[in-house]
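For reference, the structure discussed in these notes is given below.
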Number of protein chains: 2
Amino acid sequence: MFEQIQAAKKRLNGYANLTPVMTSRTLNQLIGAELYFKCENLQRVGAFKFRGAFNSISQLSKAEQARGVITYSSGNHAQAVALVGKMLNIRTTIVMPDNAPATKRTATEEYGATIVEYDHDTASREDIASELETRHGYTMIPPFDHKDVIAGQGTAALEMFEEIGRLDMLLVPCGGGGLLSGSAISAKEMSPNCETIGIEPELADDATKSFHTKILHSVKNPPTIADGTRTTSLGKITFPLVLEYVDDMKTVSEEVIIEAVKFLFFRMKLVVEPSGALGLAALLSRAVTAEGRVGIILSGGNIDSATMTTILNS
Amino acid sequence: MFEQIQAAKKRLNGYANLTPVMTSRTLNQLIGAELYFKCENLQRVGAFKFRGAFNSISQLSKAEQARGVITYSSGNHAQAVALVGKMLNIRTTIVMPDNAPATKRTATEEYGATIVEYDHDTASREDIASELETRHGYTMIPPFDHKDVIAGQGTAALEMFEEIGRLDMLLVPCGGGGLLSGSAISAKEMSPNCETIGIEPELADDATKSFHTKILHSVKNPPTIADGTRTTSLGKITFPLVLEYVDDMKTVSEEVIIEAVKFLFFRMKLVVEPSGALGLAALLSRAVTAEGRVGIILSGGNIDSATMTTILNS
């Protein structure tokens with residue numbers, strides 16, 4: 001699987017941003033470790049999701065590309081698929097609930113995607129996407145449970161290891177487990193003694209439970225502010241990868257997620273969305289005990305005015 | 001004067017952050033030029049002011065350092081002097097009005113400075129600072145009108161030219177003119193055809209008027225959101241330097257300053273204070289016509305919750 005991440009990195013060369021790794025003396029002193037922040041909030045579309053979308057869509061055959069791609073998402077993956085479609089001149093269809101935030105819908109439409117709405121009370125996005133897939137011959141690019149998507153997401157950690165060398169610990173937000181499993185695979189190869197830890201909100205701790213019990217758990221619409229982690233469960237592909245490559249899973253409270261977003265805002269001058277700040281939240285809450293060289297993937301920076309206002313004033 | 005900037009750069013080596021230069025495809029397309037953002041919001045204390053404070057204080061004699069330094073400022077310069085004092089183990093005294101924001105006062109105290117308050121209605125900060133200077137033998141480190149401070153501020157532009165090469169235009173926020181004159185001197189040496197343009201809020205256009213009339217104008221407490229530019233006027237040293245080295249001065253409205261801060265937040269995921277966003281504001285409003293390679297100094301990122309909330313919701 002690591003070879004696929006290496007191949008993905010070559011494919012992304014010149015298309016994805018080589019995002020910077022930032023440091024903060026203040027935080028190093030506070031936490032008592034050397035912290036390295038991989039800034040995927042500065043990736044195209046504002047999140048690591050561009051990597052997986054580009055890596056998967058760019059590998060489709062000419063015939064598949066001519067028919068177009070489809071996905072279901074109301075978040076960063078939707079924007080990533082839409083942008084890649086625009087870049088490669090491929091038609092993209094995004095299935096979104098009729099209660100998706102207007103800003104996310106607009107951003108996705110601005111990249112030229114066709115939005116198909118469904119009634120979030122009565123319909124399932126997977127069913128609608130699957131029906132359209134069959135009817136139009138679209139290729140499905142799922143948000144995480146796809147080997148090319150996972151390989152793409154693993155390039156962020158790979159780049160970080162190539163830039164800064166070995167780590168003692170790597171903290172990665174976990175939603176559906178695409179970024180987490182890709183990162184863990186890169187870590188095992190690039191820095192074999194590095195402990196990779198997945199971080200989830202307490203309110204959406206399905207993957208943590210699944211990891212510890214080795215039985216797949218799920219959650220439904222968890223009310224966490226970290227919207228990127230509201231996925232129902234790990235996937236058929238990501239669950240075994242997480243069990244094999246990830247060393248531990250920890251959870252953090254909503255309060256400390258908010259604290260982490262504020263810390264990044266005021267001290268590091270970075271806009272990071274709540275899901276993207278989970279790694280720092282785990283350090284601030286001491287959910288993980290950091291020592292030595294610690295990598296933190298800031299997975300995205302797409303946050304709307306209302307959420308940021310709430311956070312800044314809480 | 002350029003030699004002093006080069007010397008300052010050596011002095012700052014290992015103490016100041018070598019701040020990154022960032023780019024945005026979206027903005028390049030929107031503006032129709034190649035934009036390079038020098039991220040002084042990621043400098044220590046969150047603003048370029050660290051450069052001038054360190055360059056001046058580190059050159060004091062042992063005897064001067066033993067007596068301590070003093071300055072008057074309620075903003076980024078105060079924090080910069082306080083941090084440099086802490087780093088070099090020098091006592092720092094900051095004269096602040098009794099209506100200075102609590103957050104700025106706290107940040108300055110956290111670096112170990114002694115705050116001397118004055119009644120903003122009845123007293124002048126310069127008089128109080130000057131009295132303390134005489135009584136205790138402190139050395140005054142003024143916010144901008146000092147050659148070592150100006151030389152320090154000029155290192156930000158120097159670093160940018162060394163990293164990215166020549167520019168056609170350089171946009172620099174203007175308060176008291178320390179950053180602007182230092183940047184213009186670096187530009188003339190490093191990229192002789194580069195046009196350096198100072199940007200001010202319309203509401204605080206004293207330097208623009210002074211530049212165009214060659215007579216020093218002043219403003220008193222201008223009600224601009226860009227608090228870093230609320231200085232009364234250019235200084236005895238900065239005014240002639242601005243006249244000699246700066247190519248033009250332009251102003252921007254409060255509305256477009258707010259738009260620029262939002263753009264940096266949502267599109268570039270950077271926290272930039274209103275004064276720091278003046279260069280981008282001039283591009284967005286077409287106050288300057290950008291062509292070719294354009295450098296923009298994002299001078300700082302210190303913004304409080306209330307101001308950011310106002311901006312995000314306007």
Side-chain angles (χ1 to χ4, degrees), chain A residues 14-26 29-30 37 39-47 50 76 79 83 86-87 103-104 106-107 110-111 258 261-273 276-277 298-314, chain B residues 14-26 29-30 37 39-47 50 76 79 83 86-87 103-104 106-107 110-111 258 261-273 276-277 298-314:
Chain A
Y15 295 98
N17 292 340
L18 180 59
T19 55
V21 176
M22 295 202 185
T23 58
S24 160
R25 289 180 182 82
T26 313
Q29 281 184 353
L30 182 71
F37 293 89
C39 293
E40 286 298 293
N41 58 328
L42 305 178
Q43 188 49 268
R44 298 186 79 164
V45 309
F50 178 82
N76 293 332
Q79 291 182 55
L83 173 58
K86 187 182 175 190
M87 289 164 71
T103 49
K104 297 215 165 175
T106 307
E110 278 174 3
Y111 289 122
I258 287 170
V261 172
K262 284 165 85 165
F263 210 102
L264 290 159
F265 181 97
F266 288 113
R267 299 300 186 98
M268 293 187 69
K269 314 301 179 190
L270 291 174
V271 179
V272 179
E273 61 186 274
L298 300 177
S299 56
N302 293 325
I303 186 166
D304 58 27
S305 296
T307 307
M308 197 59 169
T309 298
T310 303
I311 289 174
L312 287 176
N313 296 285
S314 65
Chain B
Y15 295 98
N17 291 339
L18 180 59
T19 55
V21 176
M22 295 202 185
T23 59
S24 160
R25 287 180 183 82
T26 312
Q29 281 185 354
L30 182 71
F37 294 89
C39 293
E40 287 296 294
N41 58 328
L42 305 178
Q43 187 49 267
R44 297 186 80 164
V45 307
F50 178 82
N76 293 331
Q79 291 182 56
L83 173 58
K86 187 181 174 190
M87 289 165 69
T103 50
K104 297 215 165 175
T106 307
E110 278 174 4
Y111 289 122
I258 288 171
V261 172
K262 285 166 86 165
F263 211 103
L264 290 159
F265 181 98
F266 287 113
R267 299 301 185 96
M268 294 187 69
K269 315 301 179 191
L270 291 175
V271 179
V272 179
E273 61 186 273
L298 300 177
S299 56
N302 293 326
I303 186 168
D304 58 26
S305 296
T307 307
M308 197 58 166
T309 298
T310 302
I311 289 175
L312 288 176
N313 295 285
S314 64

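Fair warning: this is a prediction, and the values are worked out from it, not measured in the lab. Hydrogens, waters and symmetry mates are skipped; everything else that's a heavy atom, side chains included, is used. So that the names make sense, note that chain A is the first sequence line, chain B the second, and so on, each numbered from 1.
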Problem set entry | Check: A:Lys269 side chain, B:Gly301 main-chain N or O, donor-acceptor pair, under 3.5 Å | yes
Exercise. Which answer fits A:Ile303, side chain, backbone, both or neither, if we ask what part of it has an atom under 4.5 Å from a heavy atom of chain B?
Worked result: both
Exercise. Could you walk me through whether A:Val271 and B:Leu270 pass the side chain to side chain contact (heavy atoms under 4.5 Å, CB included) check?
Worked result: CA-CA 6 Å; A:Val271 179; B:Leu270 291 175; 5.9 Å; no
Problem set entry | Distance (rounded to the nearest 0.5 Å) between A:Ser24 OG and B:Arg44 CZ | 10.0 Å
For this session: Under the salt bridge (charged side-chain N to carboxylate O under 4.0 Å, His left out) rule, collect the residues that match up with B:Glu40, sequence neighbours excluded.
Result: B:Arg51
For this session: Can you measure from CG (A:Asp304) to CG (B:Leu312) and round to the nearest 0.5 angstrom?
Result: 9.5 Å
Exercise. For the residue pair A:Tyr15 and B:Arg25, what are the closest heavy atoms and their distance?
Worked result: O-NH2, 3.7 Å
Exercise. Backbone N or O of B:Thr309 within a donor-acceptor pair of the A:Thr309 side chain at under 3.5 Å?
Worked result: no
Problem set entry | Residue selection (most heavy-atom pairs with chain A, distance under 4.5 Å) from B:Asn302, B:Thr26, B:Leu264, B:Thr23 | B:Asn302
Problem set entry | Portion of B:Asn313 that has a non-hydrogen atom of chain A nearer than 4.5 angstrom | side chain
Exercise. Distance from B:Ser305 atom OG to A:Ile311 atom CD1, nearest 0.5 Å?
Worked result: 11.0 Å
Problem set entry | Segment of A:Met268 engaging chain B (4.5 angstrom heavy-atom cut-off) | backbone
